[in-house]
Number of protein chains: 2
Amino acid sequence: MADFLGLVAACLTTASFVPQAILVIRTRNTDGLSLYMYLLFTTGIAFWLVYGVMIGSLPIIIANLITVVLASMILTVKLMNTMSARRAIIKPR
Amino acid sequence: MADFLGLVAACLTTASFVPQAILVIRTRNTDGLSLYMYLLFTTGIAFWLVYGVMIGSLPIIIANLITVVLASMILTVKLMNTMSARRAIIKPR
């Protein structure tokens, strides 16, 4: 029963980043997204992945491998937007 | 070593929602946030919390208790914005 709940939890939290990644790639709008959140979160998920490898837990490895890819995609678009916004402030046109 | 990495991972992923919650509460801008992400994510974290209680893991309970509060705050603002945007479409003024 606990294992089943853990599996449902892992599926939900991993799957939740799919609509966010689709939204960000489709609209390129990352105004409401916190850069610090995605920096901390992506790093944290990378740590979860290493933790999963170290304890040999396939569910932790798979869930965090998918999440790290999705979170990295969101972080990349956010970083691109942040950098182009900073360039626009330095060189207005 | 694995336990330490797991602890760092838990701190990073839990802490990551603090700047996002602050940004959303301060700006009220949730345009770039996916409603489906926060619906799935908050539900998933609630499942992780129940899972933590069932297996008696204090780190899982604490990390997910903090995250469920932060994610619920972000979800609430997103839901309020989504509903007021829908009302604006039905009754433009």
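Each chain gets a letter, A, B and so on, in the order its sequence line appears, and its residues count up from 1. Owing to the predicted nature of the structure, the values given are computational and were not obtained by experimental measurement. These numbers come from the heavy atoms of this one structure, side chains and all, not from hydrogens, waters or symmetry mates.
Of all the listed residues (B:Ala2, B:Ala9, B:Gly6, B:Gly44), the one sharing the greatest number of non-hydrogen pairs under 4.5 Å with chain A is B:Ala9. In terms of non-hydrogen atom pairs under 4.5 Å with chain A, the most contact-rich of B:Val8, B:Thr30, B:Leu49 is B:Val8. Of all the listed residues (B:Leu39, B:Leu5, B:Leu35), the one sharing the greatest number of non-hydrogen pairs under 4.5 Å with chain A is B:Leu5. Here A:Asn29 is the residue among A:Asp3, A:Val50, A:Asn29 with the most heavy-atom pairs under 4.5 Å with chain B. Your options are B:Tyr36, B:Tyr51, B:Tyr38, and the one with the most heavy-atom pairs under 4.5 Å with chain A is B:Tyr51.
In this structure, chain B has heavy atoms under 4.5 Å from both the backbone and the side chain of A:Thr43. Using a 4.5 Å cut-off between heavy atoms, A:Phe4 does not touch chain B at all.
The CG atom of A:Leu33 sits 10.5 Å away from atom CG of B:Asp31, with the distance rounded to the nearest 0.5 Å.
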Ignoring hydrogens and angles, write down the donor-acceptor pairs under 3.5 Å from the side chains of residues 14-26 of chain A, residues two or more places apart or on other chains.
| from | atom 1 | to | atom 2 | distance (Å) |
| --- | --- | --- | --- | --- |
| A:Thr14 | OG1 | A:Ala10 | O | 2.8 |
| A:Ser16 | OG | A:Thr13 | O | 2.7 |
| A:Gln20 | OE1 | B:Ser34 | N | 2.9 |
| A:Gln20 | NE2 | B:Gly32 | O | 2.8 |

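Contact residues of residues 53-81 of chain B toward chain A are B:Met54, B:Ile55 (heavy-atom distance under 4.5 Å).
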